[in-house]
Amino acid sequence: MNTGERPTLAKGLMLLPALIVLGLFFTSVILLFSNAFVDRGGFSLKYFEQILARPDYHVVFYRTVLTSIIVALLAVLLAYPISLLLWRSEKHRNMLLIVVLVPWLVSLVVRTYGWIILLGPKGFVNAFLGWVGVIDTPLKLMFNDTGIIIGLTHVLIPFAVISILASLLSIEENLEEASRVLGAGRWQTFRTIVFPLSLPGVFTSLMVIYLACIGAIVTPLLLGGITEKFVGSQIYQEVMATFNMSKAAAWSICLLSLSFVSLVLLKFIERRALRGQE
Amino acid sequence: MAKMTPLMKTIGIVLLLLLPAPIFIVFGASFNGTGYIQFPPESWSLRWYVDAFTDPRWGRAVLTSLWIAAVVATLITAISFLAAYFTLRYAPRISGWLELAIFSPLFFPHASMGVAAVALMAGMGIVGTPIAIILAHLMVTIPFSYRPIHVALKSVDPDLIRAAEVMGASELRALWDIILPICRSGILTSLLFTGIISFDEVTVTMFLIGPDITTLPVQIFTFIQDDASPVLAAISTLSVVITFLAILLLERVAGLSFFVQRQSS
């Protein structure tokens with residue numbers, strides 16, 4: 001809608017409120033860095049050394065990265081059939097979309113709380129299995145990696161459904177038809193046409209879910225407990241329990257670098273996977 | 001369009017139904033008569049709802065979350081509209097840069113964003129005030145507001161604006177009578193979507209609460225850590241109902257197609 005007019009300074013003021021919001025964001029990032037790298041008025045790597053020196057902290061990093069990779073793959077795998085279902089059911093798509101959107105937008109705490117009710121030692125699953133008589137002692141489904149993986153995967157599937165569905169909906173219908181007319185079977189059409197064209201959605205999901213996972217606090221804290229720490233729960237503890245802002249900032253910067261490195265790596269994989277699809 | 005095989009269809013339906021399952025569990029637990037979760041449940045009661053409504057802390061948290069969500073949604077939608085309108089109409093060359101800046105918070109892990117937000121708000125001495133929570137929510141929601149509005153504005157034909165102005169309409173009049181009505185669904189999507197995000201935000205907000213203020217999801221989070229009384233199930237159900245109604249409203253007034261469009265902006 002560019003009408004080719006020159007902007008006046010007064011009209012430029014329309015940009016100001018957005019610039020203030022963005023300015024606040026970038027200031028907060030700068031403060032994050034100054035908190036982490038400055039100690040008693042000078043540059044210091046003290047807080048990073050404190051983190052790197054602790055082998056148990058390394059475990060926290062490994063756990064966070066590994067869990068996030070598992071969750072991202074699992075969420076995409078489980079989301080794919082749902083996206084296909086929504087893609088195929090044109091008539092009821094809106095209604096089915098609400099079934100996906102509601103769990104996506106309902107607060108993280110509420111969904112995690114649902115899993116606590118389900119997975120806890122006196123929770124629904126254990127009570128049910130005990131009642132049926134399959135188990136005598138409650139299964140340990142929570143306060144371990146299983147709980148975190150189940151919770152995070154469930155929380156993030158809706159996003160994957162939506163982004164894969166967006167990719168599927170952008171496929172031209174006659175492509176599929178052409179493939180069928182030319183004699184390709186159902187599976188071959190899916191493998192050679194539908195799936196490759198849905199890959200952008202798959203990669204977006206992997207990226208966003210991975211990012212959401214490594215930065216998660218609430219779900220790991222509530223379902224993982226105090227022993228199975230995540231980078232996010234560690235950060236929460238530094239700020240809220242030990243009031244060590246500098247160390248929390250150092251953790252945050254480690255997390256930021258971790259996500260940056262992973263993003264670059266994933267972009268590289270995506271480019272290779274999508275090569276020749278321009 | 002080709003049909004799915006019955007097997008794939010069944011798998012899809014089962015997986016789809018698993019998505020809201022934990023929410024239904026919370027819903028069921030809120031009507032449980034006993035103090036702990038039981039299977040099969042022995043008695044039904046509304047006592048947890050009575051508890052939730054008589055405890056003033058919950059009423060306060062719900063109201064706080066609602067008014068903050070309303071303020072955030074209105075402010076960020078206005079902010080995004082002004083910015084998108086200006087860049088698209090007068091300065092398309094900076095459009096790419098602006099988008100890069102606006103979408104950059106999306107690539108920030110939430111935990112890091114929380115710490116950055118505390119650092120900022122503590123620097124301004126406003127941790128524990130509504131202002132801090134509102135400012136943080138503005139930073140969190142700006143990409144989600146800018147996108148639908150930008151897409152809607154982009155679809156406006158510049159000739160319509162020229163026509164309006166040739167016929168003597170002022171810029172404000174053209175905005176009000178031509179551009180705003182065309183962008184209606186983008187604006188409504190922004191309002192409701194950011195309102196829902198603000199209402200349900202926890203990860204950043206929980207760093208910014210204080211003795212005088214807390215939001216509904218953060219208070220639920222605090223209570224889960226202390227003791228998991230079924231009052232939480234009742235109050236969670238209430239929060240689900242509010243989010244659900246907002247989504248239904250969104251579907252009514254603007255449709256849901258925004259969520260599944262691949263943007264070529």
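Letters A, B, ... are given to chains in the order of the sequence lines, protein chains preceding strands, and every chain is numbered from 1.
If you tally non-hydrogen atom pairs under 4.5 Å between each of A:L105, A:L22, A:L165 and chain B, the highest count goes to A:L105. Between chain B and the residues A:I98, A:I214, A:L86, the largest count of heavy-atom pairs under 4.5 Å involves A:I98. With respect to chain A, the highest number of heavy-atom pairs below 4.5 Å among B:I76, B:I11, B:V118, B:I102 belongs to B:I102. For chain A, the option among B:L250, B:D157, B:V240, B:L98 with the highest count of heavy-atom pairs below 4.5 Å is B:V240. The candidate with the highest count of non-hydrogen atom pairs below 4.5 Å against chain A, out of B:H110, B:M121, B:R89, B:M124, is B:R89. Ranked by heavy-atom pairs shorter than 4.5 Å toward chain B, the options A:M245, A:R111, A:K11 are led by A:K11. Of the listed residues (A:L84, A:T27, A:L168), the greatest number of heavy-atom pairs within a distance under 4.5 Å of chain B belongs to A:L84. Put simply, of B:G28, B:G255, B:S239, B:A233, the one with the most heavy-atom pairs under 4.5 Å next to chain A is B:A233. In terms of non-hydrogen atom pairs under 4.5 Å with chain B, the most contact-rich of A:I20, A:V231, A:I162, A:N35 is A:I162. Of the listed residues B:T243, B:V156, B:L15, the one with more heavy-atom pairs under 4.5 angstrom with chain A than any other is B:L15. Options B:A122, B:S155, B:A246, B:A101 differ in how many heavy-atom pairs under 4.5 Å they form with chain A, and the most are formed by B:A101. With chain B as the partner, the residue from A:L78, A:T112, A:L16 showing the most heavy-atom pairs under 4.5 Å is A:L78.
Closest of all the heavy-atom pairs between B:S112 and A:L255 is OG-CD2, 3.5 Å. Scanning both residues, A:S252 and B:V115, for their nearest heavy atoms gives OG-CG2, 3.2 Å. Here the closest heavy-atom approach between residue B:A116 and residue A:S28 is recorded as O-CB, 3.4 Å. A pairwise comparison of heavy atoms in B:L19 and A:H154 identifies O-NE2, 2.7 Å as the closest pair. The two atoms that bring A:G114 and B:I25 nearest to each other are O-CG2, 4.3 Å, heavy atoms only. Shortest non-hydrogen contact noted between A:Y113 and B:S236 is CD2-OG, 3.8 Å.
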- Task: May I have the step-by-step check of side chain to side chain contact (heavy atoms under 4.5 Å, CB included) for B:F221 and A:L222, ending in yes or no?
- Result: CA-CA 9 Å; B:F221 173 76; A:L222 293 181; 3.9 Å; yes
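By the 30° and 60° cut-offs, the orientation of the rings of A:W104 relative to B:F193 is tilted.
Heavy-atom distances place the side chain of B:E171, and not its backbone, under 4.5 Å from chain A. Contacts of A:L169 with chain B are made by side-chain atoms alone, with heavy-atom separations under 4.5 Å and no backbone atom involved. Both the backbone and the side chain of A:L256 come within contact range of chain B, each with at least one heavy atom under 4.5 Å from a heavy atom of that chain. Of the atoms belonging to A:V21, heavy atoms from both backbone and side chain fall under 4.5 Å from chain B. Interface remark: B:T87 contributes side-chain atoms only to the contact with chain A (heavy atom separation under 4.5 Å). Contact annotation for B:P92: only side-chain heavy atoms (C-beta onward) come within less than 4.5 Å of a heavy atom of chain A. Only the side chain of B:I161 comes within less than 4.5 Å of a heavy atom of chain A; its backbone N, CA, C and O stay farther away. With a threshold of 4.5 angstrom between heavy atoms, B:L17 does not approach chain A through any atom at all. Both the backbone and the side chain of B:L88 come within contact range of chain A, judged by heavy atoms closer than 4.5 Å. With a 4.5 Å cut-off on non-hydrogen atoms, B:I13 touches chain A through its backbone and its side chain both. Contact annotation for B:I247: only side-chain heavy atoms (C-beta onward) come within less than 4.5 Å of a heavy atom of chain A. When heavy atoms are compared at a cutoff of 4.5 Å, A:L258 does not approach chain B at all.
The closest side-chain heavy-atom distance from B:L18 to A:I157 is not below 4.5 Å. Side-chain contact between B:F81 and A:M14 is absent, with no heavy-atom pair separated by less than 4.5 Å. The shortest side-chain heavy-atom distance between B:P217 and A:V110 does not fall under the 4.5 Å cut-off. Residues B:M206 and A:I217 meet the side-chain proximity criterion, which asks for heavy atoms closer than 4.5 Å. A 4.5 Å side-chain heavy-atom check between B:Q225 and A:L221 finds at least one atom pair inside the cut-off. Two residues are said to be in side-chain contact when any heavy atoms from C-beta on lie closer than 4.5 Å; B:I23 and A:P103 meet this criterion. Side-chain contact between A:L211 and B:L106 is absent, with no heavy-atom pair separated by less than 4.5 Å.
Rounded to the nearest 0.5 Å, atoms CD1 (B:I224) and CD1 (A:I116) are 4.5 Å apart. Here the OG-CG distance, from A:S83 to B:L16, works out to 10.0 Å after rounding to the nearest 0.5 Å. Remark: B:I220 CD1 to A:L108 CG distance equals 11.0 Å, nearest 0.5 Å.
Heavy atoms of other residues, nucleotides or ligands lying less than 6.0 angstrom from CZ of B:F259 number more than 12. Within a 6.0 Å sphere centred on CG of B:L245, heavy atoms belonging to other residues, nucleotides or ligands number more than 12.
A ring-ring contact (aromatic ring centres under 6.0 Å, His included) with B:F108 is found for one member of A:F26, A:F260, A:F25 and no other, namely A:F25.
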